[in-house]
Amino acid sequence: MTQRPLEGVLVVSLEQAVAAPMASQRLAEAGARVIKVERPEGDFARGYDRAAGGISSYFAWLNRGKESVALDLKNPADMAVMRAMLARADVFIQNLAHGATGRMGLDAATLRAARPEMVVCDMSGYGPDGPYATAKAYDLLIQAESGIIAVSGAPGAYGRIGVSLADIGTGINAAGAIATALVRRFRTGEGASLEVSLFDSMAEWMTVPLLHHDYLGRAPGQAGLAHPSIAPYGAFATKDGGTILISIQSDREWRVLAGEVMGNAALAADPALATNNQRVAERARTDGEVAAWFVTVTRAEAEARLSAARVAFGALNDVPGLSQHAQLDRWTATHEAGTVSLPMPAARADWIAEASVPALDQHGAAIRAEFAGD
């Protein structure tokens, strides 16, 4: 098998829910040994549902290839096991409540005072300081606080983004920061103390709307199936009831759409719609011209002409449609109740391999024996 880039790296992750497990999952995929430390009753994400062939869909997705040990860190014997693991660990990840690791002497400052080469990643809702630092934070709350909900969906009532956006984004940010810190450690021997928060992750993703507000005085709002800064970019109905989304990314592509796809040379040459800024200012006319053409053709006819002209388009799919999508690659993970078919990881690499999902404390006895003499 191909050498995996993080083979030999020990990650101890005191984790729960989604964000931290997402981060450690990425490291496990790259070959790190990840020991997942759970409370005696288990990561509460184990109980979110039973959708993945008898176990939680969240847990099956985010915990492949890890080892599980259940520790009661108020118990001196269990805390001794935890400290013994951290004495060997290259990386420590935690997403407990604010101040919890400090009260146990497992904070970054204490750990790195003893082992400066260690990479410690603290994951939180709002970061280590500031007026919100001690507030409880979960995905939907951060979606709301960061303003992402306010710029999403169709005009009207607000709604949650349909996936755990803040948790997922934060976990990916943390994994990238840890991998970067490990590169520096391999080169210099120096570790790192990392802080990654849900709010910071979503605030960064909100940069474009924020800059529109700060510098133009008008933030984009809910645009439905349209892009607030680009036109035409959105959904159009065909005469047979289909829906096609198109994306025009340049003025040249606009001319191709209008002239070659729609067969409207005059529209393609119209100086009033020559630039994206003009088309956005004249969005009602721009979209109206495009919509008027789409309703004269079937979905198949529209897709054929868009494909021939190399204009980007996509179908408006639902979850059943994704399940049957011709481009969807899957792999299988085994777990205590059977197997589950999962989407392949987004970052493909020759070291990615199928792995099992651990049962609670599945590796507890072996881990306790391994670290007992430390």
Side-chain angles (χ1 to χ4, degrees), residues 146-159 161-163 165 202-318 321-322 325-327:
S146 66
I148 279 185
I149 285 176
V151 299
S152 302
Y158 291 144
I161 307 301
V163 296
L165 194 74
M202 294 301 96
E204 183 188 18
W205 285 16
M206 284 289 290
T207 295
V208 170
L210 182 65
L211 294 183
H212 277 240
H213 170 270
D214 290 349
Y215 293 94
L216 297 179
R218 54 181 189 275
Q222 295 167 290
L225 291 176
H227 195 291
S229 303
I230 303 171
Y233 190 154
F236 298 92
T238 61
K239 75 175 183 180
D240 58 349
T243 300
I244 297 178
L245 279 78
I246 63 168
S247 175
I248 299 301
Q249 293 289 311
S250 70
D251 298 333
R252 181 196 64 79
E253 288 187 348
W254 162 248
R255 293 190 295 272
V256 170
L257 174 69
E260 296 182 22
V261 176
M262 297 167 57
N264 191 334
L267 185 65
D270 189 339
L273 301 179
T275 69
N276 180 66
N277 285 338
Q278 290 173 300
R279 293 190 296 277
V280 170
E282 296 288 339
R283 185 185 294 277
R285 182 190 167 200
T286 301
D287 286 353
E289 294 276 9
V290 176
W293 176 80
F294 267 95
V295 295
T296 68
V297 295
T298 66
R299 173 176 168 176
E301 290 168 341
E303 290 181 347
R305 297 189 71 162
L306 291 165
S307 293
R310 298 293 296 163
V311 172
F313 70 93
L316 181 59
N317 239 330
D318 54 14
L322 171 62
H325 203 290
Q327 196 63 38

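Numbers here simply count residues along the sequence, with the first being 1.
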Distance in Å, [X] [atom1] paired with [Y] [atom2], rounded so as to fall on 0.5 Å steps:
X	Y	atom1	atom2	result
Ile244	Phe313	CD1	CZ	6.5 Å
Glu282	Asn277	CD	CG	12.0 Å
Met202	Ile149	CE	CD1	12.0 Å
Met262	Thr296	CE	OG1	8.5 Å
Leu257	Arg252	CG	CZ	11.5 Å
Arg218	His212	CZ	NE2	8.0 Å

Would you indicate whether the side-chain heavy atoms of Val261 and Ile246 approach each other to under 4.5 Å?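 Ile246 vs Val261: side chains apart.
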Looking at [X] and [Y], would you say the former's side chain and the latter's main chain have a donor-acceptor pair under 3.5 Å?
X	Y	answer
Glu260	Val256	no
Glu253	Ile248	no
Gln222	Ser152	yes

Specify the closest pair of heavy atoms between [X] and [Y], including all atoms of both residues, with the distance to one decimal.
X	Y	answer
Val151	Pro220	CG1-O, 3.2 Å
Gly259	Ala268	N-CB, 3.8 Å
Arg299	Ala315	NH2-CB, 3.3 Å
Pro209	Ala219	O-CB, 4.1 Å

Side chain to side chain donor-acceptor pair (under 3.5 Å) pairs, two or more places apart, involving residues 223-251: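 Every pair satisfying side chain to side chain donor-acceptor pair (under 3.5 Å) with a residue in residues 223-251: Thr238-Asp240, Ser247-Gln249, Asp251-Arg279.
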The criterion is side chain to side chain contact (heavy atoms under 4.5 Å, CB included); which residues satisfy it with Ala272, sequence neighbours excluded?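 Partners of Ala272 by the side chain to side chain contact (heavy atoms under 4.5 Å, CB included) criterion, ordered by chain and then number, come out as Asp270, Arg285.
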Any ion pair linking Arg305 and Glu301 (charged N to carboxylate O, less than 4.0 Å)?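 Between Arg305 and Glu301 there is no salt bridge, as every charged N stays at least 4.0 Å from the carboxylate O atoms.
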Per the ring-ring contact (aromatic ring centres under 6.0 Å, His included) rule, what does the pair list look like for residues 253-306, sequence neighbours excluded?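 Those involving residues 253-306 are Phe236-Phe294.
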Between Thr207 and Glu204: side-chain donor-acceptor atoms closer than 3.5 Å: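 On atom types as modelled, these side chains do not qualify, holding no pair under 3.5 Å.
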Check the pair Val280, Thr286 against side-chain contact (heavy atoms from CB on, under 4.5 Å), reporting the backbone distance first and the verdict last. CA-CA 8 Å; Val280 170; Thr286 301; over 6 Å; no
